[in-house]
Amino acid sequence: MEFDLKFYENILDNIQDGIWVSNSDDIIIYANEGMAGIAGIPVSEIVGKNVMVDFSPKTISEFKRFYSKAKQTCLPVWYEVNVTTPAGKYTWQNGWIIPQLVDGKIAQIVTTISDVTERKLAEENFSKSEKENAFLANTALDLVNCKNLNEIYKYVAEQLYLLIDKEGIIIIAEFDNRNNYWQVMAFEGVNRHLDKITKLVGFDLKNLKGNVKTKYYDNIKNGKLTRLTADLSELTEGRISKSVLPVLQKMILIKELYCITFRQKENIFGNVTFITNPKTPMLNANLIEAFISQVSLIIEKIRAEITLNESQQKLKDIVEYSTNMFYQHDTNHILTYVSPQVEDILGYTQEEALMNWTNFVTEHPINETGFQFTVKAIETGMAQPPYELELQNKSGRKIWVEVREAPIVENGKTVAIVGALVDITQRKKAIEALEKSEMNYRLLVNDMYEGLMQTDLYDRIQFVNPRLCQMLGYSEEELIGKIGYETIIFNEDIDKIKAKNDERATHKTDRYIIRLKRKDGDFIWTQISRSLLYNEAGEVVSTVGLITDITQLIEIEEELKKNKDQLQGLFNHMNSAFAYHEILTDEDGKPIDYKFIEVNSAFEYMTGLKREDVIGQKVNTIIPGTENDPADWIGKYGKVALTGKSIAFESYSEGLGKWFHISAYSPEKGYFATTFEDITERKQVEVELENHRNNLETLVKERTAEIEAQNKELEHFNQLFVGREFRIKELRDKVKELEKKINNQ
């Protein structure tokens, strides 16, 4: 199929990238609408301009050398330049400069342009972000190695001073919230003037302190970098004489003051004050706030350690008089401490119990899971979820305990495990009794086509049916006691299942789709219907999930989506306009309006209406007055949608001012689809032909009347002529008779 020039111009004018063509004299002879959009000026102001002369230096300076290179080499040249457009917009642009040769000489040059400003800005922001992240990462490591608060304050002052290129002053103060006062703990930037300043103000800056003033406290307590007044006298509560202030400000060149607090939640530990001078670079508020937030965490940790030491005796009392048993064992699993409750739970004295804790466990398979949790805590230095063990006490009686423990880490290495256990034997017996009473239920569950799984509040698998084992390729023994999200949840869906587990606190049942990981490493798509199990107190104790394998359904849906995307492409490239609607009726079922559900590109072209403006809207909103249009669009389409009877007709739309040939049909009751073509030009031609035909008929009638009049006149003359001829003949006959009579006589 051949296309004319207009076809290709329409294509070029409907792409976002710019394309322009210059001749051998550098005069622009063509530019598309994309070029006009990037330049910010109409095509008419681009065409006819000289590429090398008629644009401002800001616009053309960087581009000019690439353009010249393409002309000199007669080869395509790739460019990427920073440009200020003729409209004054700062942009990054790139593209190709492609010489077109005829007989070895440049006939014209085609240039493509893409606006890549957003990408370049994103790259610049990413580079800046990388530097900031590197700063935060490096300082985080250094902060962890600080031994006390004084070292932290000194280190923070040094880093912030470097961050402002050693131009300005950094002052760090600590807050005593109980006594409502602040005290300077570290500073940088005044060392060379320290002696002079001390003599000038009359006191040592190292000992500067004062009451926390509400005026400033309210401004800075949000943890954000905040600009303050530059009045040093007010900031230091009048301790600096007003007569000294001008000299001091001249000495340290004060320009502005900023402040940010060390804080965690509602606790404020202190603040950093920035005194800037005219040479101080602009403060990077985001980086400073992130760094101070990081420092706040360390300060909170150290303060917590101090508080912990102060509370050690209280904690000891809690440990010794609790109903739980507390313990500590080394990395070889040897107990180094057990609390007095060991006698009540296991029947051993504290001294007798100091052995390998695995000596207390039975052969129950769940104990291996508990052992693996402990090993993992030792290896990773991270606390693991609580777990259950079956133990045997000194008298030989089996008991169940729930264990919660955490590693003690020193210099990055786990040195011990501390934990607490509680006797849950009675609770386990109650669960076992419940399980026995559910035997019939289990028999039914085992024959189900769907998979079934029960987990506890820590997502530990308590029960699976054979169907689920078959679906996942595991045996029941391989799953019982394992953490569900670590064992069978597809890696990319782990966060989703954790969020679903958190929702149990809302007592919410749910149904959701998630991928489960098979033993062979593959995965299946499943739909899980989740229910919650409660104890007598109304507390959630476990979760039951009914699991259906929907992998094949998902694959079918994906194939349908693929086909739908292909059909959508064909749909959008139809020559005929298409629109799909829902008919709207009143209480009596009479059509009163219709709503747009989908339209294609040809619809937009023919009607001038944009898809985003019509989808979901009523026709009377989009085209006001449609309900009164003589074409009765709503009535016709309503009949199609409600009866299912298709129609085809031609009609004029007053709202759009066009004629259309329309076919309408109903794919389902209450809905109708239309395909139509714009026949306005054809109708105009038909009107002109009709007018011409009417004019011809009028002329024919007029000419016919003239001819009939002339015929009547001729007929009259003929009648006169024939009558005369008859009279002459009669006279002649009479003459002959007379002559005959005379002759006879």
Notebook entry, point to check: Do the two ring centres, one from Tyr337 and one from His329, sit under 6.0 Å apart?
Noted result: no
Notebook entry, point to check: Roughly how far apart are Leu479 CG and Ile461 CD1, rounded to 0.5 Å?
Noted result: 5.0 Å
Checklist line | Beyond-backbone contact of Leu149 with Ile299, side-chain heavy atoms, under 4.5 angstrom | finding: yes
Next item on the list: Measure the spacing between CH2 of Trp400 and CD1 of Ile424 and express it to the nearest 0.5 Å.
Entry: 7.5 Å
Next item on the list: With rounding to the nearest 0.5 Å, note down the distance linking CZ in Phe187 to CD1 in Ile171.
Entry: 8.0 Å
Item checked: Straight-line distance of Glu343 CD to Glu352 CD, nearest 0.5 Å -> 8.0 Å
Next item on the list: Using only heavy-atom distances, determine whether the side chains of Glu174 and Tyr153 contain a donor-acceptor pair under 3.5 Å.
Entry: yes
Next item on the list: May I ask you to say whether Lys482 pairs ionically with Glu486, meaning some side-chain N is under 4.0 Å from a carboxylate O?
Entry: no
Item checked: Passing option when Ser542 is tested against Leu457, Leu532, Leu533, Asn535 for side chain to side chain contact (heavy atoms under 4.5 Å, CB included) -> Leu533
Notebook entry, point to check: Does Trp357 reach the side chain of Ile334, with side-chain heavy atoms less than 4.5 Å apart?
Noted result: no
Margin query: Looking at every non-hydrogen atom in both residues, tell me the closest pair between Trp525 and Asp549 and how far apart they are.
Written below: O-OD1, 3.3 Å
Check: What is the minimum heavy-atom distance between Tyr485 and Pro385, and which atoms define it?
Finding: OH-CG, 4.4 Å
Next item on the list: Please round to the nearest 0.5 Å and tell me the distance separating atom CD of Glu188 and atom CD1 of Ile170.
Entry: 8.5 Å
Notebook entry, point to check: Are Tyr258 and Thr226 close enough that some pair of their side-chain heavy atoms sits under 4.5 Å apart?
Noted result: no
Checklist line | Aromatic plane relationship, Phe373 with Tyr387 - under 30° parallel, 30 to 60° tilted, over 60° perpendicular | finding: parallel
Next item on the list: Kindly indicate whether the side chain of Asn367, heavy atoms from C-beta on, has any atom under 4.5 Å from the side chain of His364.
Entry: yes
Notebook entry, point to check: Under 3.5 Å, is there a donor-acceptor pair linking the side chains of Glu478 and Ser475?
Noted result: yes
Margin query: Quick check for you: to the nearest 0.5 Å, what is the distance between Thr139 atom OG1 and Leu162 atom CG?
Written below: 11.5 Å
Next item on the list: Measure across Val464 and Cys469 and return the closest heavy-atom pair with its distance rounded to 0.1 Å.
Entry: CG2-SG, 3.7 Å
Next item on the list: Mind listing the closest non-hydrogen atom pair of Leu452 and Leu468 along with its distance?
Entry: O-CD2, 3.7 Å
Item checked: Basic-acidic side-chain contact under 4.0 Å: Glu450, Arg467 -> no
Check: Between the side chains of Arg530 and Thr543, is a donor N or O closer than 3.5 angstrom to an acceptor N or O?
Finding: no
Next item on the list: For the residue pair Leu225 and Ile292, establish whether any side-chain heavy-atom pair is separated by less than 4.5 Å.
Entry: no
Next item on the list: State, yes or no, whether a side-chain contact exists between Ile298 and Ile152 at a heavy-atom distance under 4.5 Å.
Entry: yes
Checklist line | Ala420 versus Tyr327, closest heavy-atom pair with distance | finding: N-CE2, 3.7 Å
Checklist line | Heavy-atom side-chain proximity of Leu335 to Asn356 below 4.5 angstrom | finding: no
Notebook entry, point to check: Between Ile417 and Ala377, what is the shortest heavy-atom contact and its length?
Noted result: CD1-CB, 4.0 Å
Checklist line | Beyond-backbone contact of Ile497 with Tyr512, side-chain heavy atoms, under 4.5 angstrom | finding: yes
Note to self: Under a 3.5 Å distance rule, please check whether Lys376 uses its side chain to pair with a backbone N or O of Gly381 as donor and acceptor.
What the structure shows: no
Check: Do Tyr348 and Phe360 make the cut of ring centroids closer than 6.0 angstrom?
Finding: yes
